[in-house]
Amino acid sequence: MELSKNFLHNEAELKWYAHWNSAGYFTSKPDDRPPYTIVMPPPNVTGVLHMGHALNNSVQDILVRRAKMMGYNTCWVPGTDHASIATEAKVVGMLRDRGIDKKTMPREKFLEYAWEWKEKYGGIILKQLEKLGCSLDWSRTNFTMDEAYYAAVIRVFNELYEKGLIYRGVKMINWDPKAKTALSDEEVIHRQTNSKLYYVRYKLDSDKEEYITIATVRPETILGDTAICVHPEDERYKHLVGRYCYVPLLNRRIPIIFDTYIDKEFGTGALKVTPAHDINDYNLGLKHGLPVIDTLNDDGTMSEAAQLYVGQDRFAVRKKIVEDLREAGNLVKEEDYSNQVGFSERTDVVIEPRLSMQWWCNMQELAKPALEAVMSDEIEFHPAKFKNTYRHWMGNIKDWCISRQLWWGQRIPAWYDAEGGLYVANTAEEAHAQYKSKKPELAAKNTELRQDDDVLDTWFSSWLWPMQVFGWNEAPGNKDLQYYYPTNTLVTAPEIIFFWVARMIMAGYEFLDKKPFDKVYFTGIVRDKQGRKMSKSLGNSPDLLQMIEDNGADAVRFSVMISSPAGNDLLFDESQLEQGRNFCNKMWNAMKLVKSWEGRQQEGLEDSQVKFALDWMDARLAQVSGEVTEMIKDFRLSEGLKTIYSLIWNDFCSWYLEWVKPGMEQPISAHVYQRTISIYEQLLQLLHPYMPFITEEIYHIIRERKEGDDLIEKQLPVYGTPDAEILKGGVMLQELISSVRDTRNKNQLKPKNTIKLWIDTTHHSFYESVQDILRRQVNAEHIGYTTGPKQGSIAIVVQTDKLYIEAAAATIDTGAQKEQMQKELEYLKGFLVSIDKKLGNEKFVQNAKPEVIDNERKKYADGEAKIKTLEESLALIG
RNA sequence: GGGAGCAUAGCUCAGCUGGUUCAGAGCAUCUGCCUUACAAGCAGAGGGUCCGCGGUUCGAACCCGUGUGCUCCCA
C-alpha cells in the first residue's frame, strides 16, 4: 500500500467515526461490567460548537474512552437544552426578519414556529460533536422539552408545590426589558460601567429658597421618588425632621425620612427613595410605609405613572431629564462615576429592578443535603477550591425566581378561575377536578379555567438532567437508572456551578435521595491570547469546524488539552494547534518507517545488539503507563498528555527507533520487528483517548486486523514493575550519546566524519549491552576499551566513566575542554559542600526522613567519584 | 463591600504530600545538518533574583504573614 506523505485526517475521521458508530461501540446497555457514566452538559439548541465545547467535550471523551479501555461499560449521554430565553429570542428574531410580530400571533402559533426552528437548527451542535470524535451514545439523545422530560418537570413542580416549597408572590425581581421577562439573580451579569453621578436639588417645603441635594446615577427614576432619606445622625440634615420637599419637574410633595441604612459618605449623604425601581429603596419603602410608583413599562419605556416622557425609552429620558433639570435649575453638578450595572445574560440589556408577581422556589431545605454532600466529599469537586465558592453560595441561598414571561418552555401548571382562585395540577383535567370539588357553584356557572401564561426557567428542567435522561419520571426503579445512576463524573465549567451543578445536586437528593454524580471536574474558561474570554460577541472565537477541517480533530483535541490544567483557564494559542498537527505527522512518519521494515524481516537473525533497546522501551512503557493512570485518576489530563507525547516523540521516535533501526537495505530480525509493532500498539493505546482518530488509523495500518479488532475497544494491558536497572541504563546511554554528539559539534566534526571511541570504565557488561547502539548513534567506526588516556584524543567524562574520542578530522581544542571540565568540577565541589553541611547538621540528621538522608549520602558518594574522574582527566590533558 | 485565585525562561504554562544546587516543557532564539520515516524534521546550545519584604524550618518556588500588580465570582 502506498502511504501518503502526511496523515490525511479528513478521510480517516469520517471513516472511523462511521465505523465506531455502526459497530455499536458507542451504545451502552446494562450488563455485568461496572458502569462508567457521564451525562453531557446539554448545549443550547441554539448553540454552535465553540472552543469551550471543544475543551469540555474532549475532556469527557478522554475519560469515557479511557474507562472503556479499562473494562468499564461506558455510557455518555448526549442531548440539548431548550434554552428558553435564548431560543425564544432567536425565534422572535427570525419572525421579525420575515416581517412577523410575535405579539400578533397566538401562543400555539408561535410554538409551532419555535418547534419548526428547533427541528431545523437545533441539534446542529450534536452533529458537530461527531466531528470532534465524541463517543456519545446517540440512542440516548435527550431534549429537555421532549414529552417525557416535560412531564417530569411538571411533576417536580407539583411535588414541590405540595410540599409548600413553591409559591407565588410579589417581589422585586430582575426585569429584562428586551426579552420582557423576569430573570433569576444568576442570570444577571454585573459589569463595571462608566456612568455619571448627577447631583440634583429638591426644593424644601418652605417659604424660603431652601433645598436638599441628592446624588443619583439614574435621574429618570426621579419621577418615581416617594421620599428622601438621610442618616439620623447626620448633622447636616438634623433640622429636617418632619419636613417635606418637592420632586423636581413634578412638584410632588414627599417626606424626608431618616434611616441608618444611609451611607453618610456617599454623595451628599441624602438618598432619593424610589421603591418601585431599586431593591434597597423597596425595602426602605416597606419599612417606612412609602407608596410605590412604577414609572416604567415592561419594555423599558416610561409609563403613565411617570406623568412625563410617557412612552419614551428610559435611556433617552435619562438624557432629556438631565437637560430639563438643568433648565429648571435643579441640576447642581454632574461628575464621572464608575459603578456596577446589571446586564441580562441573554439579551445584554440593562436590567431594571421591578416589582412583580412571580413564582418562587424556596431553596433553604433543598440546599441542606446538597451543601453537606459537597463539604463531606461525598461528591468530590476537582479542583477542590470550588468547594469554597459553593459553600458561600449555598449558605446564603435565596429563593429562586422560576417563572419567565415567555412561551418557549414548560408552561407553569397552574390554573386560575374567574375569581382568581389557584389550582396547581399535573394536567388541566386534574385542575378542573380540583376546581369542581372546591368551588362547585362557580364551576357550574363558569367552567373555564385560565392557565398561567408563564413558563419555567430553563434550569428548572435541566436540574433533572442526570435522572431524567434515564427515564426517572416514567419508571423510577427502572434498570437503566439503577445501573447508570449516580453517574460518575460531571464535566462542566465553573461558571454554571450555581445555575446547574448545585441545583442538580439538590434535585438528586430531593427526588431520588441519591447524589447525581460522584465527582465534578471543572474545566477552565477558554480565553484568547490577550486573556479575553472567547465569545461570539467579541468575535474572538475561532471557527472550530474550520479548525478541525484544516488541522484534524486530533490536533484540535491535542491543542486544547495540552495546556488546560483542571480549573485553570486556558489561553488558546494557535502554536499549540501546530504542535498537535506536527505530533500527528511525527506518528505517521514513525509508522511509515516501521512499515518499511515489514518486508525485510528475517527469522533467526541475531538481535542481541538491540536487546537493550527492547527491554528499555518495555520498562519505559510500564513506567509511563503507571504515571498516566495516576494522572488521569487525579484529572491531571494535561500532564498525562504531555507525558505520553514525550514518551512517543522522545523515547520511542528519537531513541528507540534509532536504536533498533537496521542499516540501509538491511534485514531486520523478525522478533525485533514484532516487538516493535507491539510496542507501537501499546503507545497507540495509551494515546487513543486523547487522539482517537490517528491512533485507530495507525493501529489498522501497522498490522492486519480481524473484523472487530479495533483500538477503541482494546483493553489496556496490565504492566508489572519496570526494571529500575534498565531504566537507569537508558538514561546513561542517552547521556553518553548526547555527550559525544555535543563534543562532536563543538569540535566541528561533521555528522559524516567517523570517530573512534575509547572507554575507560568498570561497567563493562553495561557497555557491551549497548555498544552497538552507541557506535551507530555517534557514528563511531570503532569502540574499544582502555585503562589509560589516548594520545591525541578528546577526553570527556560521563558520570564516572572516561571517554576518549579519536577523530582524524578534528581540530582539538583542549582549552575549551578544560574550561568545561573545570566548570563542572567547581559545580560539583560546591554541591559536595552543600551536602556536607547538611549531613554535618545534627538537626538535619535527626529530623529528616531516613530515605532522604540515604539519598544525600549516595549523592555525596556519586559526586566524589565523579570529581575523582574529572580531576584525573584534567591532569591528563594537562 | 464580601469571597476565591494567580504572579516561575522573551511568550504560554508544568512543578503532586517542603528534601537532587531544582528550577522544567512547548513555542520563540542561536549553532550545525536537505543523515532515504519525518525540514511540520534531526543533532546540539544559550536563557530564570521562582513578584518585593518578613517569618516558620536542619532545609522554602512550595508553608505562614505582609505589600504590590492582575483575574474571576458574589452583593
Side-chain angles (χ1 to χ4, degrees), chain A residues 3 5-7 185-186 188-190 263 279-280 340 342 383 385-389 391-393 396 398 494-495 497-498 524-525 527 529 531 533 551 555 562-565 567-576 578-597 627 630-631 634 636 638-639 642-643 645-646 649-650 653-654 657-658 661 664-665 737-746 748-752 777-779 827-828 830-835 837-849 851-853 855-856 858-860 862-863:
Chain A
L3 289 168
K5 184 171 180 326
N6 290 329
F7 172 54
D185 291 341
E186 289 70 36
V188 179
I189 297 166
H190 295 270
D263 175 4
I279 180 68
N280 298 310
Q340 292 280 338
K385 66 179 178 188
F386 289 110
K387 279 168 76 175
N388 284 325
T389 320
R391 185 184 52 215
H392 189 254
W393 189 71
N396 299 290
K398 306 234 166 63
E495 316 169 89
I497 187 167
F498 307 132
I525 294 166
R527 300 175 178 282
K529 260 183 161 171
K533 185 172 162 180
N551 300 278
I562 195 69
S563 68
S564 63
N568 278 2
D569 290 355
L570 158 114
L571 264 78
F572 187 76
D573 192 332
E574 298 267 335
S575 74
Q576 287 156 351
E578 222 166 282
Q579 198 187 344
R581 188 199 55 185
N582 294 354
F583 186 35
C584 288
N585 190 40
K586 187 72 184 176
M587 283 186 287
W588 186 255
N589 277 294
M591 180 272 290
K592 274 163 62 182
L593 173 66
V594 173
K595 200 65 186 160
S596 74
W597 300 340
E627 287 170 9
E630 283 304 304
M631 288 170 184
D634 299 343
R636 285 145 63 200
S638 177
E639 262 184 274
K642 271 181 201 164
T643 306
Y645 171 84
S646 165
W649 198 305
N650 299 324
C653 292
S654 296
L657 287 179
E658 295 299 333
K661 194 188 225 172
M664 250 219 286
E665 309 290 311
I737 294 167
S738 294
S739 297
V740 175
R741 281 173 175 170
D742 183 28
T743 309
R744 293 184 56 119
N745 261 352
K746 286 188 173 137
Q748 278 90 44
L749 281 168
K750 299 272 169 213
K752 276 178 187 142
Q777 287 277 275
V778 299
N779 195 19
Y827 168 89
L828 277 168
F831 180 46
L832 284 199
V833 169
S834 81
I835 299 178
K837 254 203 260 175
K838 250 191 226 179
L839 289 171
N841 184 332
E842 251 176 67
K843 284 186 178 168
F844 171 72
V845 182
Q846 277 167 19
N847 295 327
K849 281 177 274 183
E851 61 261 35
V852 172
I853 296 170
N855 198 27
E856 293 296 322
K858 200 175 153 294
K859 267 160 34 188
Y860 192 85
D862 288 352

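Convention: sequence-line order gives letters A, B, ...; per-chain numbering from 1.
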Study note, to complete from the structure: Against the side chain of A/T389, the closest entry in B/A14, B/A37, B/C73 is B/C73
Practice item. Measure the distance from CZ on A/F7 to P on B/C38 and round it to the nearest whole Å. Key: 18 Å
Check your understanding: If we only count heavy atoms from C-beta on, is the A/D634 to A/E639 side-chain gap below 4.5 Å?
Key -> no
Review point. When you measure from the side chain of A/E639, which nucleotide among B/G15, B/A37, B/C13 comes out closest?
Key: B/G15
Review point. About how many Å separate NE2 of A/H392 and CZ of A/F386, when rounded to the nearest 0.5 Å?
Key: 15.5 Å
Check your understanding: Considering all heavy atoms of both residues, which atom of A/E627 and which atom of A/T643 are nearest to each other, and what is their separation?
Key -> OE1-CG2, 3.7 Å
Review point. A/Q579 or A/N388: which one's nearest nucleotide on RNA chain B is closer to the 5' end?
Key: A/N388
Check your understanding: Contact class for A/Q777 (heavy atom, under 4.0 Å): base, sugar-phosphate, or nothing?
Key -> nothing
Study note, to complete from the structure: What one should report as the nearest heavy-atom pair of A/C653 and A/L657 is O-CB, 3.7 Å
Identify the pairs formed between an N or O of the protein and an N or O of nucleotides 39-44 of chain B at a distance under 3.5 Å, and give each distance.
{"unit_1": "B/A40", "atom_1": "O4'", "unit_2": "A/N582", "atom_2": "OD1", "d": "3.4"}
{"unit_1": "B/A40", "atom_1": "O2'", "unit_2": "A/N585", "atom_2": "ND2", "d": "3.0"}
{"unit_1": "B/A40", "atom_1": "N6", "unit_2": "A/N6", "atom_2": "ND2", "d": "3.2"}
{"unit_1": "B/G41", "atom_1": "OP1", "unit_2": "A/N582", "atom_2": "ND2", "d": "3.0"}
{"unit_1": "B/G41", "atom_1": "O3'", "unit_2": "A/K586", "atom_2": "NZ", "d": "3.3"}
{"unit_1": "B/C42", "atom_1": "OP1", "unit_2": "A/K586", "atom_2": "NZ", "d": "2.8"}
{"unit_1": "B/C42", "atom_1": "OP1", "unit_2": "A/W649", "atom_2": "NE1", "d": "2.8"}
{"unit_1": "B/A43", "atom_1": "O3'", "unit_2": "A/R741", "atom_2": "NH1", "d": "3.0"}
{"unit_1": "B/G44", "atom_1": "OP1", "unit_2": "A/S738", "atom_2": "OG", "d": "2.9"}
{"unit_1": "B/G44", "atom_1": "O2'", "unit_2": "A/D742", "atom_2": "OD1", "d": "3.0"}

Point to revise | Stems formed with participation of RNA chain B [Watson-Crick or G-U wobble, under 3.5 Å, three or more pairs] | key: B:1-7 with B:68-74, B:10-13 with B:24-27, B:29-33 with B:41-45, B:51-55 with B:63-67
Review point. What integer number of Å spans the P atoms of B/A75 and B/U29?
Key: 47 Å
Exercise for review: Round to a whole Å and report the spacing from CZ of A/R636 to C1' of B/U17.
Suggested key: 11 Å
Point to revise | Rounded C1' spacing from B/G19 to B/G5 in Å | key: 28 Å
**Study point:** B/U68: syn or anti, per glycosidic angle within 90° of 0
**Key:** anti
Check your understanding: Expressed as a whole number of Å, how far does the P atom of B/U57 sit from that of B/U71?
Key -> 37 Å
**Study point:** Reported CG-to-NZ distance for the pair A/N779 and A/K750, which is rounded to 0.5 angstrom
**Key:** 14.0 Å
Would you list the protein and nucleotides 56-63 of chain B atom pairs, both N or O, that sit under 3.5 Å from each other?
{"unit_1": "B/C58", "atom_1": "O2'", "unit_2": "A/N841", "atom_2": "ND2", "d": "2.8"}

**Study point:** Whole-angstrom distance between B/U36 and B/C11, as gauged at atom P
**Key:** 39 Å
Practice item. Give the rounded distance in Å between these two atoms: NZ of A/K661 and C1' of B/A37. Key: 7 Å
Exercise for review: Determine the Euclidean distance between corresponding C1' atoms of B/G15 and B/A9; express it in Å to zero decimal places.
Suggested key: 14 Å
Review point. Over how many whole Å does the gap from A/R391 atom CZ to B/C74 atom C1' extend?
Key: 14 Å
Check your understanding: Would A/K661 and A/E658 pass as an ion pair if we require N to O under 4.0 Å?
Key -> yes
Check your understanding: Looking at B/C13, B/A37, B/G26, which one has an atom nearest to any side-chain atom of A/Y645?
Key -> B/G26
Exercise for review: Write down the distance between NZ (A/K387) and P (B/C74), rounded to a whole number of angstrom.
Suggested key: 21 Å
**Study point:** Spacing between A/D634 atom CG and B/U17 atom C1', to the nearest angstrom
**Key:** 12 Å
Exercise for review: Under 4.0 Å between any heavy atoms, over every strand shown, what does A/C584 touch: base, sugar-phosphate, or nothing? Just pick one.
Suggested key: nothing
Practice item. Pick base, sugar-phosphate or nothing for A/M664, based on heavy-atom distances below 4.0 Å to the nucleic acid. Key: base
Check your understanding: In whole Å, what separates the P atom of B/G10 from that of B/G46?
Key -> 16 Å
Check your understanding: Rounding to a whole Å, what distance do you find between A/W393:CH2 and B/A4:C1'?
Key -> 17 Å
Review point. Going from SG on A/C584 to CD on A/Q579, what distance comes out if it is rounded to the nearest 0.5 angstrom?
Key: 11.0 Å
Study note, to complete from the structure: Taken to the nearest whole Å, CG/A/N280 to P/B/G1 is 16 Å
Review point. For the ring-ring contact (aromatic ring centres under 6.0 Å, His included) test, which of A/F7, A/W588, A/Y645 pairs with A/F583?
Key: A/Y645
**Study point:** Spatial distance of atom NZ (A/K5) from atom NZ (A/K592) [nearest 0.5 Å]
**Key:** 6.5 Å
Practice item. Please state the P separation for the pair B/G52 and B/A40 - nearest whole angstrom. Key: 41 Å
Practice item. Without swapping roles, check the side chain of A/R741 against the backbone of A/Q777 for a donor-acceptor pair under 3.5 Å. Key: yes
Exercise for review: Identify, between A/K752 and A/E658, the residue whose nearest nucleotide on RNA chain B lies closer to the 5' end.
Suggested key: A/K752
Review point. Say you pick atom P in B/U31 and the same atom in B/G24; how far apart are they, in whole Å?
Key: 24 Å
Review point. For B/C33, does either OP1 or OP2 sit under 4.0 Å from a side-chain N or O belonging to A/K750?
Key: yes
Point to revise | A/L3 side, atom CG; A/N589 side, atom CG - distance, nearest 0.5 Å | key: 10.0 Å
